[in-house]
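All remarks here apply to the structure that follows.
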Amino acid sequence: MGSRGYSKVNMMRYLIGLASLGLSAVALAAEAEPRPTLSSDGSWVPVILIVVGGMFLAAAVIGPIVRANTPEEVPPAHSHDEPPGTSHHHGASGLLNPAPENELHH
């Protein structure tokens, strides 16, 4: 065969590989899932814009009413996760408000 026969064998392998690659690409393209497309019917757009605009208008009306009716200062949060006596707001038992620290008897 010589070197010339060897290149013919390589060329045939190359062509067979290329053909199988082409056939697999065609098979994959045939099995591809359908993709979403843009709708040509845009009749729903004005309805959605009116609904969204109505929500913004409702928020613009309700927001100041809620803001006006909320208390000006939120009461301080009270945590019950601390062990008794470590919160510095309760007595040694954790149940009573202590006297100011400069008046405590040590």
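Since the model is a prediction, treat every value here as computed from it, not as a measurement.
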If you look only at distance, which donor and acceptor atoms sit under 3.5 Å apart when one is on a side chain in residues 50-64 and the other is two or more places apart or in another chain?
none

>> Give me each pair satisfying side-chain hydrogen bond (donor to acceptor under 3.5 Å, both in side chains) with a member in residues 39-62, each pair once, sequence neighbours excluded.
In response: Asp41-Ser43
Just distance, no hydrogens or angles: give the donor-acceptor pairs under 3.5 Å from side chains in residues 14-21, sequence neighbours left out.
unit_1, atom_1, unit_2, atom_2, d
Ser20, OG, Ile16, O, 3.3
Ser20, OG, Gly17, O, 2.9

